[in-house]
Amino acid sequence: MLSIYNTLTGKKEPFHSLQPKTVRMYVCGVTVYDYCHIGHARSALVFDVIRRYLEFSGYQVEFVKNFTDVDDKIIKRAHERGVSCDTITAEFIEAYYQDMGKLGVRRATNEPKATEHMAEIIALVGTLIQKGLAYPVAGDVYFQVEKYQDYGRLSKRKLEDLQAGARVDVDERKRHPMDFALWKGSKPGEPSWESPWGPGRPGWHIECSAMAMRHLGETFDIHGGGMDLIFPHHENEIAQSCGATGKEFARYWVHNGFVQINQEKMSKSLGNFFTIREIFEKSEWPEDIAGEMLRYFLLATQYRGPLNFSDHAINEAKQTLNGFYDLFKRLEEKTESATADRDLPGVMKRCREAFCEAMDDDFNTPVALAELQRMKSDVNKLLSLGLSTEARKISRKEFRSLGNILGLFQFDKWEFVDKPRPGDVVVGLTGVESRIMVGQVSPEIELSKEQIEQQIAERLDAKKKKNFSKADEIRQFLASRGIVIEDKPDGTSRWKR
RNA sequence: GGCGCCGUACCCAAGUGGUUAAGGGAGCAGUCUGCAAAACUGCGAUUCGGCGGUUCGAACCCGCCCGGCGCCUCCA
């Protein structure tokens with residue numbers, strides 16, 4: 001039984017979808033005026049995994065994630081560059097898809113844009129005015145917070161408390177300082193749409209209400225986003241939506257924690273952020289491997305907690321993944337023995353159950369990963385006792401299947417060793433220590449598979465002749481090229497990059 | 001000023017009233033190996049920021065204190 005922590009109630013609750021076997025979920029996407037940073041990546045990934053797990057659990061998931069494509073920051077950016085807002089938003093929507101694609105984030109079933117929902121937005125604002133919850137002032141329209149009884153129920157704040165610490169500018173035209181804009185009359189040079197209140201554009205919060213209701217209905221199951229959206233964005237969405245319909249809006253509110261840098265929130269305003277593309281560019285690893293490292297790192301902490309970003313943490317993720325892919329590599333090898341085959345189903349069953357139990361507990365991905373690690377360890381033991389070729393295939397498939405829920409373990413190829421690049425220096429150390437690249441000049445050209453196998457054959461020959469110094473020399477040579485040799489019990493060797 | 005979060009071993013990180021406080025990374029020791037690597041085995045917090053309290057029993061509940069952070073303005 002799945003339970004989810006609901007911000008609205010402040011506790012974990014059993015999850016029941018409104019309609020059986022279907023989950024309708026809305027997640028606040030990004031405002032497309034700049035590249036995404038790791039914080040955006042975490043949010044996108046968390047909800048991607050939630051979606052995947054719901055699907056795995058047998059639900060059909062209607063997953064709506066919006067793009068905010070009308071906004072002050074977009075207008076500002078367009079002016080700076082001397083281009084249209086459309087140019088800016090198109091560019092960054094494309095960048096979003098590229099970056100999230102590298103992370104393996106699937107596209108939502110529906111990805112609406114604010115600019116394509118003006119009719120719905122205007123209608124919703126009209127309804128709110130009609131119901132006496134909103135009032136027009138000189139081309140703007142404001143939502144009147146005092147008219148909505150439950151204002152503050154999501155963020156657990158009272159209007160009086162909000163006022164006391166309010167840093168908002170006092171606007172004489174507002175009836176209450178916390179009243180917020182549903183519609184903003186446009187200034188010259190700004191994108192605008194015709195409305196009963198004159199030309200203008202929507203306020204930030206109204207678009208999500210309008211799009212969520214348009215695509216998911218007035219009441220739906222899950223609404224998600226980053227912690228920082230709880231107030232005012234989601235609080236306002238609730239006020240608008242419930243105010244207009246008189247019905248519950250979203251039933252479960254899910255919020256992910258922040259990515260931090262040195263224990264501080266990473267954000268645009270603080271300037272301490274890393275963009276997703278920057279991380280991929282700087283990474284020594286091929287794109288798909290860097291993506292999996294990042295993904296593992298982001299899922300190794302429960303989604304509600306803070307997550308500190310560091311090179312060290314990313315490298316730890318890589319180390320752990322190496323252990324998995326090392327096993328997967330061995331699972332591809334052919335074998336005669338089948339001594340431990342009969343124990344495999346039990347190991348897999350236990351893992352699957354424990355994995356689901358963890359995910360059912362508010363998507364506890366760190367525990368789910370721990371269970372996969374336990375299965376890794378168990379399968380390694382079985383492997384040393386003897387698993388048939390068929391059993392190996394089956395267990396690889398199980399890792400692939402459970403891993404897919406987290407978006408992991410889908411590769412057939414993996415790279416284990418930092419590759420010496422042209423110009424890097426390498427010292428002739430023993431074995432794996434040669435990863436430390438200091439000393440000699442590394443090769444301009446990477447070794448081909450044939451060259452590697454040629455070297456291994458020579459080494460095998462040397463070993464047979466008990467010429468161990470030559471064998472070690474060959475191993476060191478390969479190591480300096482980023483190739484690690486592992487001798488198997490039968491005398492042959494496997495290698496990995 | 002208001003609301004809220006966090007502090008678990010060298011590092012990351014689960015656990016939130018009751019068996020020996022998951023798991024990973026790093027380290028050390030051992031098995032295997034010509035030597036390695038990988039894998040496996042063992043070691044590693046008598047203790048969960050501190051001090052009190054509630055309880056038969058607390059890392060988990062309550063109070064106070066210390067340290068760090070977030071929201072209340074745009075922000076995933």
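By convention in this document, chain letters (A, B, ...) are assigned in the order of the sequence lines, proteins followed by strands, and residues within each chain are numbered from 1.
- Within 4.0 Å of A/R42, counting heavy atoms only, lies no atom of the nucleic acid at all.
- Atom NE2 of A/H234 is separated from atom P of B/rG70 by 20 Å (rounded to the nearest Å).
- Taking atom C1' on both B/rU8 and B/rG50, the two are 15 Å apart, rounded to the nearest angstrom.
- For RNA chain B, runs of at least 3 consecutive pairs of the Watson-Crick or G-U wobble type, with both hydrogen-bonding distances under 3.5 angstrom, map to B:1-7 with B:66-72, B:10-12 with B:23-25, B:27-31 with B:39-43, B:49-53 with B:61-65.
- The gap from the C1' atom of B/rG17 to that of B/rU54 amounts to 12 Å, rounded to the nearest Å.
- Base contact: A/V259 has a heavy atom under 4.0 Å from a base atom.
- Distance A/H37 NE2 to B/rA76 P: 6 Å, rounded to the nearest Å.
- Interatomic distance, A/R392 CZ to A/D341 CG, rounded to the nearest 0.5 Å: 9.5 Å.
- Note on A/R494: nothing from the nucleic acid sits closer than 4.0 angstrom, heavy atoms only.
- With 3.5 Å as the limit, one finds no donor-acceptor pair spanning the side chains of A/W414 and A/D326.
- A centroid separation of less than 6.0 Å is found between the aromatic rings of A/F409 and A/F328.
- We find that A/E91 and A/R81 are joined by a salt bridge, their nearest charged nitrogen and carboxylate oxygen being less than 4.0 Å apart.
- For A/S43, the side-chain atoms get nearest to B/rA76 when compared with the rest of B/rU41, B/rA13, B/rA76.
- The side chain of A/K156 has B/rC3 as its nearest neighbour among B/rA76, B/rA37, B/rC3.
- Residue A/G225 is in sugar-phosphate contact alone, with no base atom involved, counting any heavy-atom pair closer than 4.0 Å across all strands shown.
- If A/K466 and A/L307 are placed on RNA chain B by their nearest nucleotide, the residue sitting closer to the 5' end is A/L307.
- Within residues 331-342 of chain A, no residue has any heavy atom under 4.0 Å from RNA chain B.
- At the heavy-atom level, A/F231 lies under 4.0 Å from the strands shown only through sugar-phosphate atoms.
- A/S337 and A/T335 are not linked by any side-chain donor-acceptor pair at a separation below 3.5 angstrom, with hydrogens and angles left out of the test.
- Distance OH (A/Y303) to C1' (B/rA13): 17 Å, rounded to an integer number of Å.
- Put simply, A/N380 has a side-chain N or O that comes within less than 4.0 Å of OP1 or OP2 on B/rC40.
- Between B/rA9 and B/rC60, the two P atoms lie 15 Å apart (nearest whole Å).
- Among the protein residues, A/G305 comes within range of no part of the nucleic acid, since none of its heavy atoms lies under 4.0 Å from any strand.
- Across all strands, A/N364 comes closer than 4.0 Å only to sugar-phosphate atoms, never to a base (heavy-atom distances).
- Under 4.0 angstrom from either OP1 or OP2 of B/rA37 there lies no side-chain N or O belonging to A/K488.
- No more than 12 heavy atoms of other residues, nucleotides or ligands shown are found within 6.0 angstrom of CD on A/E336.
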Short heteroatom pairs, N/O only, protein and nucleotides 23-29 of chain B, under 3.5 Å:
from: B/rG23; atom 1: O2'; to: A/Q373; atom 2: OE1; distance (Å): 2.1
from: B/rG24; atom 1: O4'; to: A/Q373; atom 2: OE1; distance (Å): 3.4
from: B/rG24; atom 1: O2'; to: A/T320; atom 2: OG1; distance (Å): 2.5
from: B/rG24; atom 1: N2; to: A/E316; atom 2: OE1; distance (Å): 3.0
from: B/rG24; atom 1: N2; to: A/E316; atom 2: OE2; distance (Å): 3.4
from: B/rA26; atom 1: OP1; to: A/Q319; atom 2: NE2; distance (Å): 2.9

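- As rounded to whole Å, 13 Å separates atom C1' of B/rG34 from atom CG of A/L460.
- Nucleic acid contact class of A/P489 (heavy atoms, under 4.0 Å, all strands): none.
- Going from atom NE2 of A/H255 over to atom P of B/rC71 covers 14 Å, rounded to whole Å.
- Among the heavy atoms of the strands, none lies under 4.0 Å from A/F297.
- Between B/rU41 and B/rA26, the two P atoms lie 16 Å apart (nearest whole Å).
- Between A/N262 atom CG and B/rC6 atom P there is a gap of 21 Å when expressed in whole angstrom units.
- The same atom, C1', is picked in B/rA14 and in B/rC48; the two are 13 Å apart, to the nearest Å.
- Of the N and O atoms on the side chains of A/Q302 and A/Y5, not one donor lies less than 3.5 Å from an acceptor on the other residue.
- On a pure distance criterion of 3.5 Å, a polar donor-acceptor pair joins the side chain of A/R475 and the base of B/rC35.
- Separation of the P atoms belonging to B/rC65 and B/rC28 is 45 Å when rounded to the nearest angstrom.
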